[in-house]
**Student:** 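The structure under discussion is supplied below as structure tokens; questions concerning it will follow.
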Amino acid sequence: MATWQPTWSDPFFQKGQVITGLWNKKRYRIDGMLGSGANGEVYRVSSEGQSYALKVSAQAPEISLEHKILKQLQGVARGSDLGPLIFDLDDVQTQRGKAFFYVMEWVQGTDLPDFLQKRGPHWTPVLLLQLCTYLERLHKQGYCFGDLKAENCLVNEDRGVVRLVDFGGVTEFGRGVKEYTEWYDRAWWGQGSRLSEESYDVFALSMLAVQLIAPEARKSVQQIGPNYSLLKKAIVSDPRFENWRGLFKGVWDGRIRTVASLREALSPLVKRSVEIEKKIKSKQKRRRDWTDWLLLGSAAVLVLVFCQFLLF
Amino acid sequence: MWKNVTMKQILLITDGCSNRGSNPVEAATFARKLGIAVNVVGIVDGGDLNSAGRQEVQAIAEAGGGVSRIVEARQLAMTMQMVTKHTVQMTIQQVVNKELRQLMGTDADGLPPEKRSDVAEMVDKLGDEAALQLVVVIDTSASMHDKLPTVREAIRDLKIGLDVRKGQHQAAILTFPGQQGEDVSVVADFTQQANLVDLMNALRANGGTPTGPAIEKATRMLSQQLIERPANREDDGDGDMAAYVV
Ligand SMILES: Nc1ncnc2c1ncn2[C@@H]1O[C@H](COP(=O)(O)OP(=O)(O)O)[C@@H](O)[C@H]1O
């Protein structure tokens, strides 16, 4: 829902500032801003030597409801990190008046486009498959994620594990999706309602695939507005989507409306990705061996030269 | 209980100061007296929303017991949804706060955060279930010309959002100035399904900005119309709570 702070107002907190919750009296040092959106601001904070993420808003209901859902998810899915872990919910006095915040686990990671840039586009199906698993677990709890988008996914760089942040769009099945982003919203594309249900997330996931494979498509859409048949044409004729056409056709003709069917369509793509990654890994290995020899060789030559000096 | 309550709202979309007819702030004050909330979205880009315009936007919403927001055209769709939902919830929150003060001597903000979450959840649910009657009042003065495609998109989007609410809704669309030089014209009334193709043809930017008369017309429409209520729902004794709202 809405935030009534005018867009030009100052941020709630300054770096280095220490804040104290009005009810629970916990103290947090502000270490920097992680992001801001329609719904508030997210800061990296520390308390007793631990780092956390703190989300603050002038709107109590948004913070309360988001906190409640995260808490609930934490309860059912212990250890399986469905959402960021939750630590505190409190009020704080700021220069902008009373504000409301909750404290959660700081999820570290790179955003999806950066990660793909570094590790190669063959990681796309792997990331989407992980999101499928994620969504399946959320759907089991009776919730739709709603605002699925690249900015709300963070990947751990070493292990390639995806986590979702921003649960502001998470909506009980059967209601109107609380928060959404046009590009990912099937209703905006004229492809269905904005009702919170499994197929809503599936459509968003398919748009995330387009966004990751052909990032420039979204920019051109901004000029012409939503035209789904044009987008379809672009996908059909674009060589980058060569292996993806089966999946997209499934989304278009209604065969893929569940996460399970999307996962199935992803699996051949994932297999191919694993092959590619294996090749890259083995190439890297061979190259390392060769450079190792080079290093060892040059070291040996150096030693020999050095010895020559000593001997003669 | 809230299923028997109809929220009444006017949503005014404008990019400039009124310059014709009655005073819009007075019109909004009158609407509020009849239990109608007035929300205003001011669009900034390209238009002539100077500081007088901004002040008027704010003053109308304040007098009308609603909220105002000044945004760029691209944020219009999202903002229209947000102000509508926000005002529905605010109306319910006010009634809930009144009850809370009687029961516990504090409103929701005075409750410990965890308890407040339960209230927030209830208000959120009730807001979704309440019936809503909405008149969208669109400024079609000359300066709005370039923004009308965006406005049409935003109205389409608003309808998508209203369609997934649990509560019933009825929406009407007015433009000011009217299409034949009159102050206001009704593009779609409550009983018509807003046909966006018709709307596309109807929206032609021209003339001055008779904001006051447009709010008055919307107020008249809202005070005449009542959403049909299912007759079989028994009265669950919360009728007096409803009285605060409508
Ligand atoms: N737990 C978290 N750990 C790390 N970064 C986060 C966390 N939560 C949010 N962020 C960052 O902050 C940004 C904005 O937060 P978000 O919850 O999306 O706000 P809004 O709902 O207002 O858009 C996110 O896109 C993300 O980059």
Side-chain angles (χ1 to χ4, degrees), chain A residues 1-8 21-24 37-39 59-72 86 88-92 97-98 100-103 171-172 174-182 185-197 200 222 224-226, chain B residues 39 41 44 54 58 61 66-72 74-75 77-90 92-93 96 107-125 127-129 149-150 152-153 156-167:
Chain A
M1 221 185 68
T3 305
W4 302 106
Q5 294 304 322
T7 38
W8 52 83
L22 293 176
W23 295 84
N24 302 334
N39 225 353
Q59 302 300 312
E62 277 78 14
I63 290 294
S64 302
L65 292 176
E66 232 172 279
H67 172 267
K68 194 160 186 154
I69 284 175
L70 284 169
K71 195 91 192 254
Q72 216 164 319
I86 280 292
D88 194 8
L89 171 70
D90 211 337
D91 304 346
V92 64
K98 202 166 171 193
F100 309 89
F101 71 86
Y102 66 80
V103 177
T171 312
E172 219 178 290
R175 291 191 51 176
V177 170
K178 275 192 206 149
E179 255 177 51
Y180 54 88
T181 303
E182 283 174 351
D185 173 35
R186 70 172 180 196
W188 186 73
W189 286 101
Q191 299 302 304
S193 78
R194 204 166 278 150
L195 193 72
S196 159
E197 56 185 357
Y200 186 89
Q222 258 161 11
I224 54 172
Chain B
N39 290 322
V41 180
V44 279
R54 282 169 195 263
Q58 219 175 348
V67 288
S68 66
R69 190 97 159 99
I70 290 167
V71 297
E72 289 168 34
R74 63 182 171 82
Q75 300 166 292
M78 203 68 99
T79 310
M80 279 166 59
Q81 307 241 9
M82 285 186 345
V83 294
T84 305
K85 188 173 170 188
H86 182 84
T87 298
V88 166
Q89 303 217 338
M90 201 167 68
I92 292 171
Q93 185 75 57
V96 169
D107 60 11
D109 280 359
L111 293 176
E114 298 268 356
K115 289 245 161 47
R116 208 184 295 148
S117 301
D118 298 333
V119 177
E121 197 171 47
M122 186 181 74
V123 170
D124 186 55
K125 264 212 162 61
D128 196 49
E129 289 168 0
T150 315
R152 280 192 293 268
E153 252 318 292
R156 182 181 78 99
D157 206 66
L158 182 67
K159 184 164 172 1
I160 291 170
L162 291 176
D163 282 345
V164 290
R165 290 178 78 248
K166 285 229 172 69

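Naming: A, B, ... by sequence-line order, numbering from 1 per chain.
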**Student:** Just wondering, more than 12 heavy atoms not from B:Q58 lying within 6.0 Å of its CD?
**Tutor:**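 Result for CD/B:Q58: open.
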**Student:** Looking at every heavy atom in both A:L195 and B:V164, which two are closest together, and how far apart are they?
**Tutor:**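 So the two residues come closest at N-CG1, 3.6 Å.
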**Student:** Can you say whether A:E172 sits under 4.5 Å from chain B via the side chain, the backbone, both, or neither, judging by heavy atoms?
**Tutor:**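 Looking at A:E172, just its side chain touches chain B.
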**Student:** Taking all non-hydrogen atoms of both residues into account, name the closest pair between A:L89 and B:E114 and its distance.
**Tutor:**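 Heavy atoms of A:L89 and B:E114 come nearest at CD2-N, 4.0 Å.
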**Student:** Can you measure from CZ (A:R175) to CD (B:E129) and round to the nearest 0.5 angstrom?
**Tutor:**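 Separation between the atoms: 8.0 Å.
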**Student:** Going by heavy atoms in the side chains, are A:R194 and B:Q81 under 4.5 Å from each other?
**Tutor:**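 Contact flag for A:R194/B:Q81 side chains = yes.
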**Student:** Which heavy atom in A:W23 sits nearest to a heavy atom in B:L111, and how many Å separate them?
**Tutor:**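 Between these two residues, the closest heavy atoms are CZ2-O, 3.4 Å.
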**Student:** Using non-hydrogen atoms and a 4.5 Å limit, figure out which bit of B:K115 sits close to chain A: side chain, backbone, both or neither.
**Tutor:**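 When you check distances to chain A, no heavy atom of B:K115 falls under 4.5 Å.
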**Student:** Working to the nearest 0.5 Å, report the span between CD of A:E182 and CD of B:E153.
**Tutor:**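 Going from the CD atom of A:E182 to the CD atom of B:E153 covers 8.0 Å.
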**Student:** Pair A:Q59, B:H86 - check side-chain contact (heavy atoms from CB on, under 4.5 Å), show working.
**Tutor:** CA-CA 10 Å; A:Q59 302 300 312; B:H86 182 84; 3.6 Å; yes
**Student:** Contact between B:M78 and A:T181 at the side-chain level, heavy atoms closer than 4.5 Å - yes or no?
**Tutor:**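 No - every pair of side-chain heavy atoms lies 4.5 Å or more apart.
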**Student:** For the NZ atom on A:K71, are there more than 12 heavy atoms of other groups (residues, nucleotides or ligands in this structure) within a distance under 6.0 Å?
**Tutor:**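 No, NZ of A:K71 has 12 or fewer neighbouring heavy atoms, counting only those of other groups under 6.0 Å.
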**Student:** What's the shortest heavy-atom distance between A:P226 and B:R156, and which atoms?
**Tutor:**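 Scanning both residues, the minimum pair turns out to be CG-NH2, 4.0 Å.
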**Student:** Does A:K178 reach the side chain of B:K85, with side-chain heavy atoms less than 4.5 Å apart?
**Tutor:**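 Yes. Closest side-chain heavy atoms under 4.5 Å.
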**Student:** Side chain from CB out, backbone as N, CA, C, O: work out which of these in A:W188 comes under 4.5 Å of a heavy atom of chain B, or both, or neither.
**Tutor:**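 Answer is both: backbone and side chain atoms of A:W188 are under 4.5 Å from chain B.
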**Student:** Given that the side chain runs from C-beta out, which part of A:A187 has a heavy atom under 4.5 Å from chain B: side chain, backbone, both or neither?
**Tutor:**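 The answer is both parts of A:A187.
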**Student:** Please classify the contact between B:D163 and chain A as side chain, backbone, both or neither, with a heavy-atom cut-off of under 4.5 Å.
**Tutor:**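 Neither part; nothing is under 4.5 Å.
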**Student:** Relative to chain B, which segment of A:Y180 carries a heavy atom at a distance below 4.5 Å: side chain, backbone, both, or neither?
**Tutor:**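 Contact with chain B is through both the backbone and side chain of A:Y180.
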**Student:** Please name the pair of heavy atoms, one in B:A120 and one in A:P61, separated by the smallest distance, quoted to 0.1 Å.
**Tutor:**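 Residues B:A120 and A:P61, closest heavy atoms: CB-CA, 4.1 Å.
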**Student:** What's the shortest heavy-atom distance between B:P113 and A:D91, and which atoms?
**Tutor:**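 Closest pair (atom of B:P113, atom of A:D91, distance): CG-OD1, 4.0 Å.
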